[in-house]
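So that the names make sense, note that chain A is the first sequence line, chain B the second, and so on, each numbered from 1. The shown structure was predicted, so the numbers you read here are calculated from the model rather than taken from an experiment. No hydrogens, no waters, no symmetry mates; every other heavy atom, side chains included, goes into these values.
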Amino acid sequence: MSYCVSTKRMDEILKALQKDYKIYAPVRFEKRGRYSDTDLIRYAEINSIEDVVYDEKSHFSPKEVIYPITQALFYFTEDEYRESKVDDKKILIFARACDINGFRRLDTIFLKNGGVEDIYYKRLREKVKFILMECKEGWDSCFCVSMGSNKTDNYSLAVRFDGDNILVEVKDHEFINLFANEKEVEFTPQFVTSNPTKVNIPEIDSQELLEKIYNLEMWESYNSRCISCGACSAVCITCSCFNTLDIIYTENGRVGERRRVQTSCMHEDFTTMAGGWSFRKTAGERMRFRTLHKIYDYKLRFKEEHMCVGCGRCEERCPKLISFSSTINRLYDEVEKLKKGEVSRTREQASSTEEGK
Amino acid sequence: MSENIMLPHPYKIIDIIPETEDVYTFRVETNAKVKSGQFFQVSIPKIGEAPISVSCMGENWIELTIRKVGKLTNEIFNLKPGDKIFMRGPYGNSFPIEEFKSKHLVVIAGGTGVAPVRSLLKYFYENPNEIKSLHFIAGFRDEKNILFKEDLKNFRTRFNTIYTLDRDKIEGFEVGLVTEHIKKIPFDSFEDYNVVIVGPHVMMHFAALECLKNGVNEEKIWVSFERRMSCGVGKCGHCKINEVYVCLEGPVFNYTKAKNLLD
Ligand SMILES: Cc1cc2nc3c(=O)[nH]c(=O)nc-3n(C[C@H](O)[C@H](O)[C@H](O)COP(=O)(O)OP(=O)(O)OC[C@H]3O[C@@H](n4cnc5c(N)ncnc54)[C@H](O)[C@@H]3O)c2cc1C
Ligand code: SF4
Ligand code: SF4
Ligand code: FES
């Protein structure tokens with residue numbers, strides 16, 4: 001069932017929902033952007049429908065709502081520990097198709113990988129229902145269509161902001177009564193079917209090819225460009241890696257907590273072991289790891305889909321303007337060359353010509 | 001509510017055995033069922049957590065042999081018998097002991113790499129009839145860094161042992177890296193055998209190549225990987241190589257798989 005409601009009425013409905021739900025949406029933080037006089041748009045709890053930024057893409061993903069940047073796992077006192085608690089309230093998230101699909105990737109890691117569930121993720125995830133925000137035509141950096149994540153039916157409500165009115169599809173029976181007195185209309189959310197940015201995913205079908213890909217010279221170009229800041233992972237709806245960190249609250253060190261803190265495989269110390277040995281030492285090697293994780297080996301492991309959903313936030317956030325879609329396309333071209341047996345420069349060849357100079 | 005996999009539990013330390021200046025073995029009371037090659041996430045609340053292999057297990061205890069290298073391990077070295085240490089696990093797969101039975105076994109270990117294979121060696125030391133022969137090459141940097149002296153002495157009596165130090169010359173020890181001694185193993189005379197290699201990354205790499213050079217079939221080689229790990233249960237992402245999570249599908253890998261894992 002779909003309805004047309006005024007913004008004012010929608011606000012009342014949200015107020016009613018707030019009894020049971022915390023409601024999150026992309027919100028504008030004025031002048032908090034990366035450059036002077038720019039705003040930051042990130043997820044936060046809203047109190048009014050007018051808080052929702054629906055005509056711009058949020059800079060950060062909604063993953064923080066249930067997978068916070070930093071989160072207490074448990075608290076220690078002298079010789080006991082207590083699991084951290086969460087709010088009893090349920091959660092409603094205004095999200096776009098790509099992000100809703102992104103949550104499925106997080107579910108795969110936190111709830112399925114290794115056959116065990118992570119309760120910190122689960123206890124929040126179970127509370128979540130989505131309000132799909134329709135995308136008009138997407139943005140320049142979006143490539144959800146190439147990744148097949150432009151559509152979803154995993155939502156309770158879907159909304160289209162239309163001047164002073166909001167069109168709402170109510171898919172979840174729980175919410176039907178709230179709209180009982182509203183005007184029924186024909187509305188089903190439309191999904192974008194084409195993005196200005198398109199990617200070709202290389203088909204990697206043999207270990208030999210994979211080895212050649214590892215040795216492509218293209219990765220080296222990131223050594224000087226990428227500064228290993230991890231900003232791309234911070235904004236990625238599908239990046240899930242974390243460190244654990246113990247902290248003490250007081251001088252005497254009697255009370256403290258173990259925290260989980262999001263991290264990134266792009267950070268220099270991500271694989272550092274005792275003795276300082278690390279496995280991916282250069283920015284290029286880490287870029288290769290991230291790229292293949294997002295468009296090759298996640299799918300190899302879990303079968304269903306690639307990890308990347310094409311939200312394009314990583315390239316918008318990168319201080320060095322590294323575009324992930326271009327990286328994928330560049331890799332595709334290199335792989336095509338390798339498959340045709342054309343000479344593609346490998347690391348070895350590159351370094352031998354270096355030496356030959 | 002499902003079980004909280006991130007939550008460690010306290011266990012009592014019942015003994016501490018110094019092996020070297022910076023490597024101690026901690027015997028911990030637990031009735032956890034552990035297989036050779038598995039590890040625990042070991043922690044001290046308010047300090048931190050790290051993966052540590054089980055180096056030996058008995059009825060109601062396990063042993064952890066720990067090198068003092070950083071935040072957590074420094075603090076563990078301040079613990080006394082009777083103190084509590086926190087653990088969750090055991091995690092990871094194990095050495096395929098059943099597959100090793102009734103065949104020849106070659107174990108090549110370097111430095112702290114001896115810890116994860118110690119329980120495997122002890123098993124065949126206690127059950128020598130379950131194996132055709134056991135060749136054990138153990139390498140340490142120098143005299144100061146020799147681990148498990150008592151065990152090494154015992155192993156000499158039932159296994160074919162080659163103990164070596166990188167440089168130092170002392171009685172009972174050869175000189176040189178473990179790789180230099182692999183050619184002494186009579187692979188030609190074995191009809192069926194397995195090779196276990198555990199040690200620092202570079203050592204495992206070159207030891208495996210040396211074995212291949214000596215005619216060893218790559219399916220017969222087993223290695224144990226070390227990676228940075230923050231969870232041990234496939235969530236934190238640190239140990240991932242390609243599509244494989246070392247904490248889940250490892251740390252023990254057959255070389256046919258291990259050689260294809262590209263970091
Ligand atoms: C499966 C497995 C089994 C293991 N078994 C054992 C075992 O049986 N015995 C054992 O002693 N160890 C074992 N380890 C290794 C052990 O987990 C590490 O040594 C661990 O780091 C020790 O933790 P820590 O907090 O004391 O050291 P940390 O404080 O983590 O520091 C350890 C060292 O790592 C380096 N390091 C850490 N963080 C950084 C950084 N950000 N940048 C640069 N360098 C850094 C430093 O060189 C430092 O000295 C095992 C590891 C794995 C994966
Ligand atoms: S990638 Fe862009 S167009 Fe596609 S669903 Fe996400 S925000 Fe909308
Ligand atoms: S945001 Fe850009 S510079 Fe930073 S780690 Fe990612 S790719 Fe590198
Ligand atoms: S140690 Fe966390 S995923 Fe393997």
Side-chain angles (χ1 to χ4, degrees), chain A residues 73-74 76-81 83 109-110 112-123 207 210-211 213-214 239-249 253-258 260 263 265 269-275 277-280 285 289 292-293 296-302, chain B residues 1-10 41 43-51 66-73 75 83-84 86 91-92 111-112 200-202 225-249 257 259-263:
Chain A
L73 299 182
F74 29 81
F76 306 113
T77 55
E78 200 59 341
D79 40 22
E80 62 161 23
Y81 48 79
E83 199 174 294
I109 300 294
F110 284 112
K112 296 195 189 128
N113 197 29
V116 285
E117 291 179 334
D118 177 87
I119 70 136
Y120 297 98
Y121 181 84
K122 188 183 177 192
R123 66 190 189 179
Q207 181 69 23
L210 188 63
E211 272 169 41
I213 289 169
Y214 266 67
C239 275
S240 58
C241 294
F242 61 83
N243 288 329
T244 57
L245 174 72
D246 283 17
I247 57 148
I248 39 179
Y249 299 143
R254 276 168 208 264
V255 188
E257 69 183 48
R258 178 159 300 161
R260 167 188 285 180
T263 186
C265 60
D269 63 0
F270 189 74
T271 60
T272 305
M273 295 272 305
W277 174 271
S278 69
F279 293 93
R280 295 186 288 273
E285 287 170 325
F289 176 83
L292 289 171
H293 184 35
Y296 170 65
D297 54 46
Y298 174 91
K299 183 168 183 185
L300 184 65
R301 183 177 180 87
F302 300 110
Chain B
M1 179 67 81
S2 55
E3 191 204 351
N4 185 349
I5 48 168
M6 297 299 284
L7 209 61
H9 297 282
Q41 283 290 115
S43 65
I44 300 185
K46 297 171 281 216
I47 307 297
E49 196 175 39
I66 301 177
R67 181 177 295 276
K68 187 176 167 185
V69 291
K71 215 170 49 177
L72 170 71
T73 48
E75 203 62 30
D83 286 349
K84 294 258 171 13
F86 284 69
Y91 295 134
T112 359
H201 183 71
V202 182
F225 275 14
E226 254 193 41
R227 283 296 177 283
R228 185 156 166 187
M229 294 183 178
S230 289
C231 74
V233 289
K235 309 296 173 195
C236 76
H238 280 282
C239 70
K240 185 181 161 291
I241 322 173
N242 303 165
E243 84 285 9
V244 164
Y245 287 75
V246 175
C247 65
L248 299 175
E249 282 87 44
K257 180 74 193 172
K259 70 161 193 199
N260 287 335
L261 295 177
L262 306 172
D263 264 290

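- The heavy-atom pair separating A:Ile109 from B:Lys235 by the smallest distance is O-NZ, 2.8 Å.
- If you tally non-hydrogen atom pairs under 4.5 Å between each of B:Gly234, B:Gly48, B:Ala50, B:Gly70 and chain A, the highest count goes to B:Gly48.
- B:Asn4 has its side chain within reach of A:Tyr120: a pair of non-hydrogen atoms, C-beta onward, lies under 4.5 Å apart.
- Interface check for chain A: of the options B:Cys239, B:Ser43, B:Cys231, the most heavy-atom pairs under 4.5 Å are formed by B:Ser43.
- The heavy-atom pair separating A:Arg301 from B:Val244 by the smallest distance is NH1-CA, 4.0 Å.
- Considering only heavy atoms from C-beta on, A:Leu210 comes within 4.5 Å of B:Leu262 through its side chain.
- The aromatic rings of B:His201 and A:Trp277 sit tilted, their planes meeting at an angle between 30° and 60°.
- Between B:Gly237 and A:Cys241, the shortest heavy-atom contact is CA-SG, 3.6 Å.
- Heavy atoms of B:Ile44 lying under 4.5 Å from chain A belong exclusively to its backbone.
- Contact between B:Lys240 and A:Asp297 at its shortest, heavy atoms only, is NZ-OD1, 3.0 Å.
- The existence of a salt bridge linking A:Asp246 and B:Lys71 is excluded, since no basic side-chain nitrogen approaches an acidic carboxylate oxygen closer than 4.0 Å.
- Smallest separation of non-hydrogen atoms from A:Phe242 and B:Met6: CE1-CE, 4.1 Å.
- There is no side-chain donor-acceptor pair under 3.5 Å between B:Asn242 and A:Tyr296.
- Between the side chain of A:Tyr81 and the backbone N or O of B:Pro45 there is no donor-acceptor pair closer than 3.5 Å.
- At a threshold of 4.5 Å between non-hydrogen side-chain atoms, the residues B:Leu7 and A:Arg258 do not count as touching.
- Side chains of B:His238 and A:Asn243 form a contact here, defined as non-hydrogen atoms less than 4.5 Å apart.
- The nearest pair of heavy atoms linking B:Cys236 to A:Phe270 is O-CZ, 4.4 Å.
- Although no hydrogens or angles enter the test, the distance criterion places no donor-acceptor pair under 3.5 Å between the side chain of B:Glu49 and the main chain of A:Thr244.
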